[in-house]
Amino acid sequence: MKLATWNINSIRLRKENVIKFLKKENIDLIFLQETKTTDEFFPESFFYNYGYTHIFFRGEKSYNGVAVLSKLPFKNKSFHNFCNLNDARHLKIELDKNITIHNFYVPAGGDVADIKLNPKFKHKIDFMNELIEYLNKQVSKKSIILGDFNIAPFENDVWSHKSLLKEVSHTKIETDAFRKLLKKCSYEDVIRNAFDTEDKIFSWWSYRNKDWKISNRGRRLDHILISKNLKKNISNVNIYKYIRDQNKPSDHVPISITLKG
């Protein structure tokens, strides 16, 4: 089973990009964030015609939105509203072999890294704290959580650790929350662990950079975390940097893992 996650930054604008990627890389399930459309306009039939016949999505006009496109059937599907808000930032599916997968779009947090001065940043930290408590209560033994967390947790997950320590996505309060998630809920950071500690690995490059490859000022904001009992089943890990060169690209690229057995 090969699964991927991708902040697509508008599914209606980039549905052709998605299907090209799915076909080329033989993806069985893809989890999307920032679909940016209400449910009535989600292009469900487009993906259904390409064999992705199991689809679950939650959307909003112009903002947020999460979805999964799958060749594999779901045993169950559900979602949770965090921070007492009805925004589309989470969905949960259950597959055969008792595997549960959560798709998250964590709030970006605005521009000012201060919970007192910036309500958006407070929302992000509150969301992460509630997410940790929610996942800690889940009973599934085989669990995967993935999506756009808008946090670059480790030193080599950003182009310059020193320059970005006070920038939203790499502040201590955010990276501490991510580490707490790994420790308290017993997850493996499968993408980071597939590389050397000193390797800089990114999944996002700003549109503001005229040439993203030359400047390479990226951040690793997208994550796939697995419960420790699935570690032995991981056979492959990928970050698809070439996708950033697509026509009308998202500022994020997909990442994937392959589970055997």
Side-chain angles (χ1 to χ4, degrees), residues 1-7 28-33 66 68 76-80 82 89-107 109 124-158 169-197 199 201-204 219-239 252 254-261:
M1 177 176 71
K2 190 173 184 180
L3 60 91
T5 178
W6 190 2
N7 179 319
D28 296 304
L29 304 92
I30 188 165
F31 297 82
L32 303 169
Q33 304 85 40
V66 283
V68 55
N76 291 295
K77 57 185 181 180
S78 60
F79 63 86
H80 182 76
F82 289 84
R89 293 185 178 275
H90 171 253
L91 58 79
K92 171 185 174 182
I93 63 165
E94 297 174 44
L95 303 175
D96 285 336
K97 300 183 180 179
N98 296 315
I99 294 176
T100 299
I101 307 177
H102 297 267
N103 182 13
F104 286 103
Y105 176 51
V106 175
K124 181 177 191 175
I125 302 307
D126 288 347
F127 188 101
M128 281 297 296
N129 289 333
E130 187 176 331
L131 179 155
I132 291 166
E133 294 306 314
Y134 167 80
L135 291 172
N136 198 40
K137 295 176 182 177
Q138 298 293 300
V139 296
S140 173
K141 293 183 178 180
K142 294 180 180 178
S143 180
I144 301 171
I145 65 174
L146 46 72
D148 177 6
F149 283 72
N150 274 305
I151 299 174
F154 301 111
E155 184 169 337
N156 287 314
D157 292 338
V158 292
S169 82
H170 195 57
T171 63
K172 188 175 187 301
I173 189 172
E174 294 168 275
T175 59
D176 281 353
F178 192 91
R179 288 182 171 88
K180 183 180 179 181
L181 167 61
L182 294 177
K183 184 176 181 179
K184 188 169 184 177
C185 301
S186 297
Y187 283 106
E188 292 274 339
D189 185 350
V190 66
I191 303 295
R192 181 75 260 180
N193 293 347
F195 294 83
D196 291 336
T197 305
D199 289 343
I201 54 174
F202 310 139
S203 63
W204 172 90
R219 307 182 196 187
R220 185 173 73 104
L221 304 179
D222 306 273
H223 304 287
I224 300 176
L225 312 178
I226 62 170
S227 54
K228 295 184 183 297
N229 57 2
L230 285 174
K231 187 176 180 180
K232 64 182 182 299
N233 299 100
I234 300 296
S235 64
N236 207 357
V237 170
N238 287 288
I239 301 174
H252 295 252
I255 58 178
S256 79
I257 62 170
T258 302
L259 285 173
K260 60 183 179 180

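- The distance from atom OG1 of Thr171 to atom NZ of Lys124, rounded to the nearest 0.5 Å, is 7.0 Å.
- Applying the side chain to side chain donor-acceptor pair (under 3.5 Å) rule to Asp126 yields the partners Lys122; only residues at least two apart in sequence or on another chain are considered.
- A donor atom on one side chain and an acceptor atom on the other are not found under 3.5 Å apart for Ser169 and Glu174.
- Qualifying salt bridge (Lys or Arg N to Asp or Glu O under 4.0 Å) partners for Asp157, counting only residues two or more places apart in sequence or in other chains: Arg192, Arg220.
- Residues satisfying the side chain to side chain contact (heavy atoms under 4.5 Å, CB included) test with Lys184, not counting sequence neighbours, are Ile132, Glu133, Asn136, Lys180.
- Interatomic distance, CG of Leu3 versus CD1 of Ile101, reported as 5.0 Å (0.5 Å rounding).
- Using modelled atom types, no side-chain atom of Asp222 and backbone atom of Trp204 make a donor-acceptor pair closer than 3.5 Å.
- With sequence neighbours left out, the side chain to side chain donor-acceptor pair (under 3.5 Å) criterion links Thr100 to Ser140.
- Under the side chain to side chain donor-acceptor pair (under 3.5 Å) criterion, Asp176 pairs with Lys172, not counting sequence neighbours.
- Judged as a ring pair (Phe, Tyr, Trp, His ring centres under 6.0 Å), the pairs with a partner in residues 124-147 (not counting sequence neighbours) are, in order, His80-Tyr134, Phe82-Phe127, Phe82-Tyr134, His90-Tyr134, His102-Tyr134.
- In this structure the side chain of His252 reaches within 4.5 angstrom of the side chain of Leu221, judged on heavy atoms.
- Applying the salt bridge (Lys or Arg N to Asp or Glu O under 4.0 Å) rule to Lys228 yields the partners Glu188; only residues at least two apart in sequence or on another chain are considered.
- The two residues Leu91 and Phe79 come nearest to each other via the heavy atoms CA-CB, 4.1 Å.
- Distance alone, capped at 3.5 Å, places no donor-acceptor pair between the Ser256 side chain and the Ala4 backbone.
- Looking at residues two or more places apart in sequence or on another chain, you find no salt bridge (Lys or Arg N to Asp or Glu O under 4.0 Å) involving Arg219.
- A distance of 10.0 Å separates CG of Leu29 from CG of Leu259, quoted to the nearest 0.5 Å.
- Looking at residues two or more places apart in sequence or on another chain, you find a ring-ring contact (aromatic ring centres under 6.0 Å, His included) between His170 and His161.
- No donor-acceptor pair closer than 3.5 Å links the side chain of Thr258 to the backbone N or O of Ser235.
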Inset, instruction - Under the side-chain contact (heavy atoms from CB on, under 4.5 Å) rule, what do Phe104 and Leu135 come out as? Steps first, then yes or no, please. - result: CA-CA 12 Å; Phe104 286 103; Leu135 291 172; 4.3 Å; yes
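- Within the model, atoms CD1 of Ile226 and CG of Asn193 stand 8.5 Å from one another, a figure rounded to the nearest 0.5 Å.
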Pairs of donor and acceptor atoms involving the side chains of residues 146-156, under 3.5 Å and at least two apart or interchain, shall be tabulated with distances.
unit_1, atom_1, unit_2, atom_2, d
Asp148, OD1, Asn150, N, 2.9
Asp148, OD2, Asn7, ND2, 2.8
Asn150, ND2, Val106, O, 2.8
Asn156, OD1, Lys200, NZ, 3.2
Asn156, ND2, Thr197, O, 2.9

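- Interatomic distance, Lys2 NZ to Ile257 CD1, rounded to the nearest 0.5 Å: 11.5 Å.
- Counting only residues at least two apart or in different chains, ring pair (Phe, Tyr, Trp, His ring centres under 6.0 Å) contacts with residues 171-193 comprise Phe178-His223.
- The shortest non-hydrogen separation linking Ile224 to Val190 is O-CG1, 3.0 Å.
- Residues meeting the salt bridge (Lys or Arg N to Asp or Glu O under 4.0 Å) test with Lys183, sequence neighbours left out: none.
- Atom CG of residue Leu95 and atom NZ of residue Lys142 lie 11.5 Å apart, to the nearest 0.5 angstrom.
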